[in-house]
Amino acid sequence: MTTHNTHTTPALLPLPTPAARTATTAGAALALAGTFLAWTYTATFPGDLTVTGYPGGLQVLTLVSAALTLLFSLAGHGLKGLDRLTPGGTHSPTRLLALGTLALTAYTVVAVTVKKDAADNILGLVELEPGAWISLTGSLIATLASLGLPHDQPLADTTPPHPLNRFLNSLRAPAPPRATPLPAWAEILIIAASFGVALHVFTYGIDTEYAELFIGYVIAVGFGFTALTRAGLIARITALTAKHRNVTLAAALVAAFCFPFTQQNEQYALIGANILIFATVALGLNVVVGLAGLLDLGYVAFLGVGAYAAALVSGSPMSPIGVQFPFWAAVLTGAAASLVFGVVIGAPTLRLRGDYLAIVTLGFGEIFRLTVNALNGVSGPDLTNGSQGIPSIPDLELFGFDLGISHDIAGFTLGRSANYYLLMLVFTAVVVLVFRRSGESRIGRAWVAIREDETAATAMGINAFRLKLLAFALGATLAGLAGTVQAHVSYTVTPEQYQFAGSVPPNSAFLLAAVILGGMGTLSGPLVGAALLYLIPAKLQFMQDYQLFLFGLALVLLMRFRPEGLVADRRKKLEFHETGQLDVPPDTPLTDQAAGTTKAEA
């Protein structure tokens, strides 16, 4: 049995706990029932919310959110078997899910109300059917009642929270208690099921056909993930994945391999391929920033070097070189060119530190873009066609398999984008293997030592300059590998693709943000961060003029509430949070610092 290592603090609303729990359950059930009724009078709003008994569009997201609220609320009643869902406490995840259900339902009601019909008339409240009001009322009841539930707090944190911060503190996850160990086969099944669910959630987000549904998806996933973290489930799964690392990597690769077989739309498969390119480059940057601690603001230039080198030797009719290498030779050419470029940039600059290094790398990134723009035969030698770039890059043909045409495999049709997705998945697996092996090696530990304190590392005999140059060269090579595939996926390479900041990733600002958002120094962090930062702009193109503003706002909120990133290692959690607020799995050994001591206290 699982024993909760928590105590409770006063709730936000003065309600008896049993009554608040019962009202929360009833409200969640009412919101769930409302999703099976019609929400709109006509089918003007996308998703066809006029059908009774068959939820569609945003109703499905509300149904899932209300069902999770009901499930966690029932766990608070002490039902046998449900206690394993809430090792970190039941009240706070229930409150978060109730808030998510209310936010999702309210957003749907507002979106329906302000929607315009074919005659450009606003629909208004008369468009709403009773189902929408029932779900809205139920979610409101569940939210208000959940505010009467006391907060779950870890026993180690005995200081009463300030009244103004009480609700914010409830979002922090306590360390989950120890549970009865499961058999190894059961733990492996849990890992496989977790990746299956993650694949389904990710696929659903990519498959959203209209902006209203994607915004609702973001709301549901944001509140749901936070609630699962607060419940302690994410920490439990993290402990299992750390215990079975090889199984986890295999499950992740299998889930990623299955993705193109779930897509019938080439546009969505192309988003998946570009996410892999962006994620692979971000993982290469993680070697430089996350492991070695070198702030590189011009990293996208290495991606551009690999892409241009591959484009020049891949048989494009606009290439001044006029040669066509086989793909393996083009890959080696792009990787070698990026390696040389990384060494040339790193050798004179890596003796600098901190802000000075960041400024110099930013300058070199801009120098690359301006240089390829000037190599147009007028301002300089005719090599890159200047601002026109190198277009008409031919599709690849590997072992008689033309990646530019569709293929039928086991009853599934794989289009061009799906073919390149699978090719990029192979490159991603190689980069993951290189990152993992280098991070666990003596060189990786030396990089971490330099990141933490370069002066102390040098005093212990570490050749800091040589190892920093090695990190720079390795990161550049990995970016060059991804660039060779990007050149063929996009058909063309232009200087505008490789700038410091812009509304469309990848660029240096987005790459750095992907590493920080996901979690510096981790394997899965940059992959998660890159997926989010590419998927959200791709699905919200109607907000292109405000993307950078919203992006900056999201980073500010992240730095305030989760500065260690979405997927953080043990060291970052100890550095940014007090021990009582950590969600480090109890089975994870604290080898580098004593348990119960923060970095500042040490």
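Nearest heavy-atom pair, Ala242 versus Arg245, reported as atom, atom and distance to 0.1 Å: O-CG, 3.1 Å. Of all the heavy atoms in Gly365 and Ala301, the pair that sits closest is CA-CB, 4.1 Å. Annotation for Leu481 and Ala335: closest pair CD2-CB, 3.8 Å, computed over non-hydrogen atoms. Shown here for Val281 and Ala479, the closest heavy-atom pair between the two residues is CG1-CB, 4.2 Å. Nearest heavy atoms, Asp395 versus His488: OD1-O, 4.4 Å. The shortest non-hydrogen separation linking Asn286 to Pro526 is ND2-CG, 3.4 Å.
One finds the CD1 atom of Ile271 at 9.5 Å from the OG atom of Ser417 (value rounded to the nearest 0.5 Å). Arg451 contributes atom CZ, which lies 14.5 Å from atom NZ of Lys468 (distance to the nearest 0.5 angstrom). The distance from the CZ atom of Phe195 to the SG atom of Cys258 is 12.5 Å, given to the nearest 0.5 Å. If you take CD1 on Ile275 and OG1 on Thr428, they are separated by 11.5 Å, rounding to the nearest 0.5 Å. Rounding to the nearest 0.5 Å places CZ of Phe364 at 5.5 Å from CD1 of Ile345. Interatomic distance, Asp296 CG to Thr349 OG1, rounded to the nearest 0.5 Å: 8.5 Å.
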Residues Leu425, Phe259; criterion side chain to side chain contact (heavy atoms under 4.5 Å, CB included); working and verdict: CA-CA 11 Å; Leu425 182 61; Phe259 169 76; over 6 Å; no
Stepwise side chain to side chain contact (heavy atoms under 4.5 Å, CB included) test for Leu467 and Ile450: CA-CA 9 Å; Leu467 288 174; Ile450 294 173; 3.9 Å; yes
Residue pair Ile390, Ser316: steps toward the side chain to side chain contact (heavy atoms under 4.5 Å, CB included) verdict: CA-CA 7 Å; Ile390 303 178; Ser316 170; 3.5 Å; yes
Full working for salt bridge (charged side-chain N to carboxylate O under 4.0 Å, His left out) between Arg416 and Glu266: CA-CA 8 Å; Arg416 177 182 183 274; Glu266 272 288 286; over 6 Å; no
Test side chain to side chain contact (heavy atoms under 4.5 Å, CB included) applied to Tyr421 and Met424, step by step: CA-CA 5 Å; Tyr421 172 90; Met424 194 61 221; 5.8 Å; no
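Between the side chain of Tyr299 and the main chain of Gly475, a donor-acceptor pair closer than 3.5 Å is present. Remark: the backbone N or O of Gly415 is paired with a side-chain donor or acceptor of Asn419 at under 3.5 angstrom. Distance alone, capped at 3.5 Å, places no donor-acceptor pair between the Ser65 side chain and the Leu61 backbone. When atom types are taken as modelled, the side chain of Ser490 and the backbone of Thr492 share a donor-acceptor pair closer than 3.5 angstrom.
Summarising the local packing, OH of Tyr356 is surrounded by 12 or fewer heavy atoms from other residues, nucleotides or ligands at distances under 6.0 Å. Counting heavy atoms of neighbouring residues, nucleotides and ligands inside a 6.0 Å radius, atom CZ of Phe327 exceeds 12 of them. Within a 6.0 Å radius of CZ in Arg437, no more than 12 heavy atoms belonging to other residues, nucleotides or ligands are found.
In this view, Glu496 satisfies the side chain to side chain donor-acceptor pair (under 3.5 Å) rule with no residue, not counting sequence neighbours. By the ring-ring contact (aromatic ring centres under 6.0 Å, His included) test, Phe435 pairs with no residue at all, sequence neighbours left out. Legend: residues meeting side chain to side chain donor-acceptor pair (under 3.5 Å) with Arg466, ordered by chain and number and at least two apart, are absent. His200 meets the side chain to side chain donor-acceptor pair (under 3.5 Å) test with no other residue; sequence neighbours excluded. Under the ring-ring contact (aromatic ring centres under 6.0 Å, His included) criterion, Tyr217 pairs with Phe214, not counting sequence neighbours.
For the pair Thr477/Val434, no side-chain contact is recorded, criterion being any heavy-atom separation below 4.5 Å from C-beta on. Contact check for Phe225 versus Leu96: no side-chain heavy atoms found under the 4.5 Å cut-off. Looking at Trp447 and Leu470, their side chains come closer than 4.5 Å, going by heavy atoms from C-beta outward. Side-chain contact between Leu283 and Leu478 is absent, with no heavy atoms from C-beta onward closer than 4.5 Å.
Classification of the Phe510-Phe278 ring pair by plane angle, with boundaries at 30° and 60°, yields tilted.
With Leu295 as the partner, the side-chain contact (heavy atoms from CB on, under 4.5 Å) test is satisfied by one option alone out of Leu362, Leu512, Val288, Ile359: Leu512.
Side chains of Thr241 and Thr248: a donor-acceptor N/O pair is absent below 3.5 angstrom, by distance only. Side chains of Asp207 and Tyr268: a donor-acceptor N/O pair is absent below 3.5 angstrom, by distance only.
Comment: Glu440 does not engage Arg445 in a salt bridge, judged by the lack of any side-chain N to carboxylate O separation of less than 4.0 angstrom.
Here the two rings, on Tyr498 and Phe302, have centers that are 6.0 Å apart or farther.
Within the structure, side chain to side chain donor-acceptor pair (under 3.5 Å) pairs that include any residue of residues 359-372 comprise Glu366-Arg369 (at least two apart or interchain).
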